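Structure, as structure tokens:
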Amino acid sequence: MEYEMQYAQYLKTANDALEKQAEKYFNAHSRVSQAARYSLFGGGKRVRAVLGIAVCDMLGGNLEAAACYAAGVEMLHCYSLIHDDLPCMDNDDMRRGRPSCHKKFDEATALLAGDALLTAAFETLSGACGTPEQNVQAVCTLSRAAGGNGMIWGQELDLAFEEKTADEKQLQEIHRNKTGMLINAAAQMGAVAGNADAMQRKAIEQYAFAVGMVFQIVDDILDVTATETELGKPIGSDKANGKTTFVSLYGVERSREMARQITQDACGALAKAFGDRAAFLQDFAMRLLERNH
């Protein structure tokens, strides 16, 4: 129960910050802004936002700055989902149990909504209530993670391997970039707000990339074991698109065992660096491992 209460508090902090920032950047009379808000407030676990705020709290840092950084990363994540769903990418009609942005509005509006969210993300970081040095670090952290050497590179690799089979090393590179980079950026921005030193940031990085890899492994498992109602989006799309997944390489049970081992190692590394202060983040990793949607 203590974990649920703490998660709810972090989630409220993240959502309040996100609503405050959205009021600044998305005019209710604009169709593009309506599309951006439709996707931004269409549900979701806010995993990245909660992670960043929790890291900052573990370090005793500036939670108000961390909340702004969390809002920024959620905006950027939302842009990536809108663009991923477009017909030229994954061509998904559903997202979180309702029509994806381009189905609710149209392709051009969805494209622009994603662009608007991406731009607003960095405006949010640059205007956060951290110190100027912290805000610059946050902008640099997120831009590196989301760009051509990070999330975009992962997406490019993901598309390239629709046509051919990836091996284990290639699959890990895809998801370290496509998923892991943004999750680590969220954690690292929390570390920035918490004034973490180099050793602490290294431990947080190890943990965050492990969480990102497990998040993807569990996604691959759910794509073949869950129902469309549970996931809120079409199932079996990876197989239909010819994508290599952890399940296609190893099967469901071996993939589950890999996810468990990675989670245990990540939690151990965090406990070694932070002791009892890492309790929430350890529980956080275990909950992501055990999720069913």
Side-chain angles (χ1 to χ4, degrees), residues 4-54 63-86 89-90 92-129 138 142 146 151 179 182-183 185-186 189-190 215 219 228-234 284 287-288 291 293:
E4 282 79 7
M5 291 177 63
Q6 187 64 73
Y7 193 100
Q9 181 179 331
Y10 290 146
L11 183 60
K12 184 179 187 306
T13 298
N15 281 330
D16 287 350
L18 195 57
E19 184 60 57
K20 181 178 179 180
Q21 296 303 319
E23 284 294 320
K24 291 182 183 178
Y25 303 123
F26 303 117
N27 184 325
H29 300 294
S30 159
R31 183 172 171 81
V32 168
S33 291
Q34 290 171 4
R37 292 187 68 94
Y38 172 81
S39 294
L40 192 59
F41 296 107
K45 295 174 283 293
R46 305 284 189 226
V47 166
R48 293 152 191 81
V50 169
L51 175 59
I53 294 168
L63 287 177
E64 192 175 353
C68 280
Y69 300 159
V73 79
E74 285 295 328
M75 288 178 181
L76 192 141
H77 176 55
C78 185
Y79 123 77
S80 74
L81 298 181
I82 291 173
H83 283 195
D84 277 357
D85 288 341
L86 289 171
M89 299 291 282
D90 291 346
D92 283 330
D93 291 347
M94 299 293 291
R95 170 70 63 179
R96 294 169 177 163
R98 40 182 218 163
S100 51
C101 191
H102 71 277
K103 297 301 290 186
K104 175 69 174 179
F105 295 88
D106 55 70
E107 288 183 41
T109 300
L111 181 69
L112 291 173
D115 293 345
L117 284 159
L118 173 61
T119 307
F122 289 104
E123 192 168 358
T124 296
L125 299 189
S126 64
C129 61
L142 188 58
M151 184 181 71
T179 303
L182 202 56
I183 287 177
M189 288 191 292
F215 194 91
D219 260 6
E228 186 169 322
T229 300
E230 288 172 326
L231 290 188
K233 60 181 181 179
F284 180 82
R287 299 301 177 99
L288 290 179
R291 67 191 172 93
H293 62 281

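Fair warning: this is a prediction, and the values are worked out from it, not measured in the lab. Basis for what follows: all heavy atoms, side chains included, without hydrogens, waters or symmetry-related copies.
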Please check: side-chain N/O of [X] versus main-chain N/O of [Y], any donor-acceptor pairing under 3.5 Å?
{"X": "Q21", "Y": "A71", "value": "no"}
{"X": "S39", "Y": "C78", "value": "no"}
{"X": "H83", "Y": "L111", "value": "yes"}
{"X": "R48", "Y": "A185", "value": "no"}

Check your understanding: Please walk me through it: do Y25 and L117 pass side chain to side chain contact (heavy atoms under 4.5 Å, CB included)?
Key -> CA-CA 9 Å; Y25 303 123; L117 284 159; over 6 Å; no
Validation row: [X], [Y] side chains within 4.5 angstrom (heavy atoms):
{"X": "H293", "Y": "R96", "result": "no"}
{"X": "H77", "Y": "I183", "result": "no"}
{"X": "L63", "Y": "T13", "result": "no"}
{"X": "Y7", "Y": "K45", "result": "yes"}

Does [X] have any side chain to side chain donor-acceptor pair (under 3.5 Å) partners at least two apart in sequence or in another chain, and if so, which?
{"X": "D106", "value": "R31, T109"}
{"X": "N15", "value": "R46"}
{"X": "K20", "value": "none"}

**Study point:** Geometric cation-pi criterion R95 and Y38, 6.0 Å radius, 45° cone
**Key:** no
Practice item. Pick out which of L142, T124, L118 makes a side chain to side chain contact (heavy atoms under 4.5 Å, CB included) with M75. Key: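 Testing M75 for a side chain to side chain contact (heavy atoms under 4.5 Å, CB included) against L142, T124, L118 leaves exactly one candidate, T124.
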